[in-house]
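Written out below as C-alpha cells is the structure these notes cover.
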Amino acid sequence: MKKGLKVVTIGGGSSYTPELIEGFINFHKELPIHELWLVDIEDGKEKLEIVGNLAKRMVEKAGIPIEIYLSLDRKEALRSADFVTTQFRVGQLAARELDERIPLSHGVLGQETNGPGGLFKALRTIPVILDICREMEEVCPNAWLINFTNPAGMVTEAVFRYSNIQKVVGLCNVPIGMEMGVAKLLDIDHDRVRIDFAGLNHMVFGLNVYVDGVTVKDQVIDLLTDPEKSITMKNIHAMGWEPDFLKALDVLPCPYHNYYYKSGEMLGKELKNFKEGGTRAEVVKKLEKELFALYKDPNLSIKPPHLEKRGGAYYSESAVRLIHSIYTDRRDIQAVNTMNKGAITGIPYDSAVEVSCMISKDGPKPLTMGELPIAVNGLVQQIKSFERTAIEAAISGDYGKALLAMTINPLVPSDRVAKMILNEMLEAHKRYLPQFFS
Ligand code: G6P
C-alpha cells in the first residue's frame with residue numbers, strides 16, 4: 001500500500017518551487033505527501049539541482065517526512081502519480097524576452113500572457129502539455145493535472161479539448177491575490193472575504209464581494225476610487241482607476257485589465273522600459289540570478305522573502321488549497337480555470353473559464369454566473385474568440401489561423417502589423433514551433 005500521496009512537479013527547477021514546498025510543508029498534516037518528484041529538462045538541470053537541494057533542506061528543517069526526488073526522466077517520474085503540477089516555460093526566460101521585445105519594437109504591447117506574447121507562449125506550450133498528457137495516459141491515467149503554466153486558461157482548455165486527460169484544473173494567483181487585496185483594503189482576515197469570480201484567465205472580474213457572506217462590493221469600489229489604493233501584482237505597474245469609470249463599471253476589474261482599459265498608458269510605460277531599463281523578462285532574469293545565488297547557500301532552509309518580488313505571490317496557497325480540497329472532498333469555493341459547462345452564458349460549453357467553483361473529490365463544479373454585465377461581456381467574448389483561435393493554431397500549425405488570432409486580439413492594431421509581428425516571432429521561436437515548420 002502507498003504510504004501517502006505522490007506529487008510530480010514538471011518545471012521543478014523553477015525559481016517558484018520553494019513557494020510550493022512551503023505550501024506543502026504548512027499543509028502536511030491534512031495533505032500527507034510522501035513523495036515529491038521535481039522534474040526538469042536537460043537545459044534546466046543546474047537550476048533543478050539548486051532548487052531541489054533547497055527543497056530537501058526546507059523539508060528536513062520542518063521535520064516533515066516528504067521524500068524529494070529530482071529527475072530529468074519525465075515519463076518515469078510520472079509513474080503512479082496522484083497529482084501532477086505543471087509550471088514550465090518552454091524556451092525559458094529568453095523566449096519570454098522575445099515575446100515582450102518583438103511586439104514592442106513594432107509599437108505593440110509586449111506582455112507574457114496578453115497580446116502577441118500570450119499567443120506565442122500558447123503556441124510553444126500547448127504541444128508540450130499535450131505530450132505530457134499522452135505520457136500521463138500511459139503511466140498515471142487517474143492523476144489530477146494541476147496546471148499553473150501560462151497562459152493558464154488556454155493551456156487548460158487545450159488539455160480538455162485535445163487530450164484524454166479530463167481531470168485537469170488550471171490555476172492562477174490572480175483570484176486569491178484579489179481576495180487578499182480586498183482583505184488588506186478592509187483591514188480584515190483574508191478568510192472572511194469571498195469574491196464571485198467570472199471571466200477568463202487574466203481577464204477575470206469580481207462580480208460581487210462578500211465579507212462573512214454580506215455584500216461589500218460598493219464599499220470596496222468606493223475604496224478603490226482613492227488613487228492611493230489599488231489591488232496590484234508585482235509584475236504589473238500600479239495605476240489607480242478613474243473613479244467615475246470604476247463606479248460605472250460596477251464590478252471589480254483584475255490587475256491585467258490595465259492592459260485593456262489603460263492601453264495607451266501601459267504601452268507608454270512598457271515602451272519606456274523597453275528603450276531604457278529593460279522589459280519584465282529582463283527584470284525577472286536579474287531577480288532569478290539573485291534568487292539562485294540565495295538558493296545555493298547551504299545554510300538557507302526556508303523560502304527567502306526575496307521571492308516576494310515575483311508576480312506569483314500566493315501560488316503555494318492556492319495550489320495547496322486546491323489539491324487539499326480535491327483530496328479531502330472538502331466542497332469549498334475556490335476560483336479556478338475549468339470547463340464552462342454553461343456557467344457563464346455565451347461562452348462555449350467546452351471552453352475554459354476562470355470562475356468560482358465548488359471543489360470536491362470530483363474536481364471543480366463551476367457555480368452558475370449567468371450573463372456577464374453588458375459592459376464587460378464584449379471584451380470577454382472577444383478574448384475567448386482569440387483564445388480558441390490561438391489554440392487551434394497551436395494544434396494545427398496553420399499560419400492563417402495564427403495570423404487570425406493575432407489580428408483579432410484587441411491589443412494589436414491591424415492585420416498588417418499583426419503579420420509583421422507574426423513573421424518575426426515565428427522566425428525567432430522557430431526551434432520551439434515545429435508544428436509551423438514541418
Ligand atoms: C502574476 C500572474 C502569473 C504570472 C506572474 C508573472 O502573478 O498571475 O500568471 O506567472 O504574475 O510574474 P513574474 O514575476 O514572472 O513577472
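In listed order, ligands and their atoms are each counted from 1. Keep in mind that the numbers below use all heavy atoms, side chains included, and drop hydrogens, waters and symmetry copies.
- A salt bridge between D131 and R134 is present, with a side-chain N of the basic residue lying under 4.0 Å from a carboxylate O of the acidic one.
- Residue E46 places its CD atom among 12 or fewer non-hydrogen atoms of other residues, nucleotides or ligands, all under 6.0 Å distant.
- The residues E282 and K286 are annotated as not salt-bridged, no charged nitrogen and carboxylate oxygen being separated by less than 4.0 angstrom.
- The contact set between ligand 1 and R280, taken as ligand atoms under 4.0 Å from a residue heavy atom, comprises 13 (P), 14 (O), 16 (O).
- Distance from atom 8 (O) of ligand 1 to its nearest protein heavy atom, with residue and atom name: N173 OD1, 2.6 Å.
- Residue Y16 touches ligand 1 through its side chain alone, judged by heavy-atom distances below 4.0 Å.
- On a distance-only criterion, R89 and ligand 1 share no N/O pair closer than 3.5 Å.
- Distances shorter than 4.0 angstrom do not occur between any heavy atom of F148 and any atom of ligand 1.
- Contacts of K309 with ligand 1, taken as heavy-atom pairs under 4.0 Å, are absent altogether.
- For ligand 1, the atoms lying closer than 4.0 Å to a non-hydrogen atom of V174 are 8 (O).
- Regarding atom 7 (O) of ligand 1, its nearest protein heavy-atom neighbour is G311 O, 2.4 Å.
- Remark: minimum distance from atom 4 (C) of ligand 1 to any protein heavy atom is reached at N150 ND2, 3.5 Å.
- When heavy-atom distances to ligand 1 are checked against a 4.0 Å cut-off, R96 comes that close only through its side chain, counted from C-beta outward.
- Distances from atom 6 (C) of ligand 1 to the heavy atoms of N235, L307, T113, I176 put N235 nearest.
- The backbone N or O of A313 sits less than 3.5 Å from a side-chain atom of N173, completing a donor-acceptor pair.
- Ligand-side atoms of ligand 1 in range of M233: 7 (O), range being under 4.0 angstrom from any heavy atom.
- With a 4.0 Å cut-off on non-hydrogen atoms, A152 does not touch ligand 1 at all.
- Taking the charged nitrogens against the carboxylate oxygens, K303 and E19 do have a contact shorter than 4.0 Å, which makes a salt bridge.
- In this structure a side-chain-to-backbone donor-acceptor pair under 3.5 Å is missing from E135 to I132.
- The shortest contact between atom 2 (C) of ligand 1 and any protein heavy atom is with Y256 OH, 3.1 Å.
- Here is the list of ligand 1 atoms found below 4.0 Å of a heavy atom in C172: 8 (O).
- Within ligand 1, counting atoms from 1 as listed, the ones closer than 4.0 Å to a heavy atom of G312 are 7 (O).
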Determine, stepwise, if the pair T86 / N147 fulfils side chain to side chain donor-acceptor pair (under 3.5 Å). CA-CA 5 Å; T86 43; N147 173 62; 2.8 Å; yes
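- The 12-atom threshold is exceeded at CZ of R101, counting heavy atoms of other residues, nucleotides or ligands nearer than 6.0 Å.
- For S301 (side chain) and R57 (main-chain N/O), no donor-acceptor pair under 3.5 Å exists by modelled atom type.
- Here K430 pairs with E427 in a salt bridge; the nearest charged N to carboxylate O distance falls below 4.0 Å.
- Atoms of ligand 1 lying under 4.0 Å from at least one heavy atom of E112, given by number and element, are 6 (C).
- With a 4.0 Å heavy-atom cut-off, ligand 1 is reached by the backbone of R310 and by its side chain too.
- Ligand 1 has no atom lying under 4.0 Å from any heavy atom of K234.
- Of all atoms in ligand 1, numbered sequentially from 1 with element shown, those under 4.0 Å from a heavy atom of Y315 are 3 (C), 9 (O).
- Counting only distance, with no hydrogens or angles, the side chain of S263 and the backbone of Y260 share a donor-acceptor pair below 3.5 Å.
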Let me see the working for E157 and K384 under salt bridge (charged side-chain N to carboxylate O under 4.0 Å, His left out), right down to the final yes or no. CA-CA 11 Å; E157 177 165 332; K384 181 44 77 185; 2.7 Å; yes
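- In this structure, a donor-acceptor pair under 3.5 Å is present between the side chains of Q334 and S325.
- Not one N or O of V284 is nearer than 3.5 Å to an N or O of ligand 1, by distance alone.
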